[in-house]
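First comes the structure, then the notes that go with it.
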There are 2 protein chains.
Amino acid sequence: LKKLQKKICDEGIVLSDSVLKVDSFINHQMDPKLMFEIGQEFVQRFEGKSITKVLTIESSGIAPAIMAALQLEVPLIFARKKKSLTLKDNVYTSKVYSFTKQEENEITVSKEFLEPNDKVLVIDDFLANGQAALGLIEIIKQANAEVSGIGIVIEKSFQNGGDKLRNLGYQVESLAQVSSLKNGEVQFLSQKLEEVTA
Amino acid sequence: LKKLQKKICDEGIVLSDSVLKVDSFINHQMDPKLMFEIGQEFVQRFEGKSITKVLTIESSGIAPAIMAALQLEVPLIFARKKKSLTLKDNVYTSKVYSFTKQEENEITVSKEFLEPNDKVLVIDDFLANGQAALGLIEIIKQANAEVSGIGIVIEKSFQNGGDKLRNLGYQVESLAQVSSLKNGEVQFLSQKLEEVTA
């Protein structure tokens with residue numbers, strides 16, 4: 001998505017070789033029109049998948065996910081993130097370790113919202129080590145539902161999450177693939193870079 | 001909003017005299033089309049207010065807020081909720097006590113996203129004691145910006161948040177006003193009830 005990559009170039013702040021801050025249009029302030037277009041792009045990329053639900057994690061995943069769900073005309077579920085979980089047997093849970101925050105969270109989804117015949121599109125804002133996506137996939141599997149694919153707003157291609165997921169056979173669609181943040185500069189995977197500068 | 005009230009009647013679960021669970025269409029699973037219509041209704045109710053930004057709190061406020069922001073064609077900012085705050089001087093902060101969770105959170109908004117000439121619409125999913133809305137208003141005031149109004153999806157009219165905010169002179173628009181949850185039954189303020197049963 002060209003507009004997204006331009007926005008990353010213009011407003012993204014490279015904090016280190018591995019951290020890209022996009023607070024002005026994704027993680028804190030949001031550009032609703034861009035989010036709508038992101039949703040639209042996901043719908044196109046997963047066309048024909050007969051998706052019945054969209055699944056994401058609070059908080060930053062909610063906006064792109066609801067825009068996809070709106071255009072797919074299916075419900076959105078957002079998994080809840082908790083540091084400790086009060087024991088409940090009516091929820092699916094999995095553990096997600098955040099390398100950025102260096103903490104483990106338990107994510108949960110109520111059993112009533114995922115059924116064995118569901119075809120679930122996973123959406124998230126970032127893909128780095130793949131921990132969040134793998135946690136969501138685990139929950140979908142616990143429900144015996146099907147993973148239709150994984151839609152990511154920004155993939156850090158220099159980390160191994162994308163490879164992990166693709167090697168597992170999942171269709172991963174990342175709307176921006178950042179190949180490097182070295183020297184304070186955002187580089188995209190070559191094909192995409194040409195689009196940006198075209 | 002008639003559709004919202006019907007949904008509350010059909011799917012809302014009354015957990016106690018003060019707790020209404022709407023996990024199937026607002027707080028965990030979301031109905032994107034209903035959220036779009038909620039956004040549309042907010043836009044109508046605050047017409048002519050020249051709103052420049054929408055402000056909410058993560059997580060459940062994000063979906064209705066981004067749908068309002070999309071149709072208003074303005075950015076959305078979501079305040080972050082943290083239990084403890086690492087000292088930073090580039091953020092506005094205020095304290096929000098949650099009676100439901102019995103915990104105090106600090107909410108923060110980066111200074112760069114609110115300016116003195118901003119006219120800010122506050123959106124949230126629930127209004128009970130008004131703590132969250134008052135916290136957001138305090139942040140808007142710290143930025144010397146203007147509060148254009150407060151848009152709420154579900155107001156518990158039997159708690160005092162709505163009165164507090166209206167007495168302070170703010171335009172509060174609640175799309176469903178629940179007057180009682182006694183005996184496991186949802187009652188709406190009379191005027192609205194007629195609409196539902198009409």
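Everything numeric in this text was worked out from a predicted model, so none of it was measured. By convention in this document, chain letters (A, B, ...) are assigned in the order of the sequence lines, proteins followed by strands, and residues within each chain are numbered from 1.
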Minimum heavy-atom distance between A:L114 and A:Y92, given as atom pair plus value: O-OH, 4.1 Å
Could you check which of B:P32, B:A79, B:S60 has the highest count of heavy-atom pairs closer than 4.5 Å to chain A? B:P32
Is the closest side-chain heavy-atom distance between B:L134 and B:L168 below 4.5 Å? yes
Taking the side chain as C-beta and beyond, is there a heavy-atom pair between A:V186 and A:L181 under 4.5 Å? yes
Given the rule in the salt bridge (Lys or Arg N to Asp or Glu O under 4.0 Å) test, do B:E155 and B:R166 qualify, once you have shown the distances and angles that lead to the verdict? CA-CA 13 Å; B:E155 177 179 346; B:R166 290 181 182 101; 2.9 Å; yes
Within the structure provided, determine whether B:V178 and B:F188 are in side-chain contact (heavy-atom separation under 4.5 Å). yes
So do B:V22 and B:V153 actually touch side chain to side chain, heavy atoms under 4.5 Å? no
Full working for side-chain contact (heavy atoms from CB on, under 4.5 Å) between B:D118 and B:E115: CA-CA 5 Å; B:D118 272 325; B:E115 288 168 16; 3.8 Å; yes
Report which part of A:M30 has an atom under 4.5 Å of a heavy atom belonging to chain B: side chain, backbone, both, or neither. both
Which residues in residues 61-74 of chain B have any heavy atom closer than 4.5 Å to a heavy atom of chain A? B:I62, B:A63, B:I66, B:M67, B:A69, B:L70, B:V74
So which part of A:I26 gets closer than 4.5 Å to some heavy atom of chain B, the side chain, the backbone, both or neither? backbone
Under 4.5 Å, counting heavy-atom pairs only, tell me which of A:E58, A:E112, A:K33 racks up the most with chain B. A:E58
Is A:K53 close to A:I77 at the side-chain level, that is, under 4.5 Å between some pair of heavy atoms? yes
Which one, B:L76, B:V109, B:V54, leads in non-hydrogen pairs under 4.5 Å with chain A? B:L76
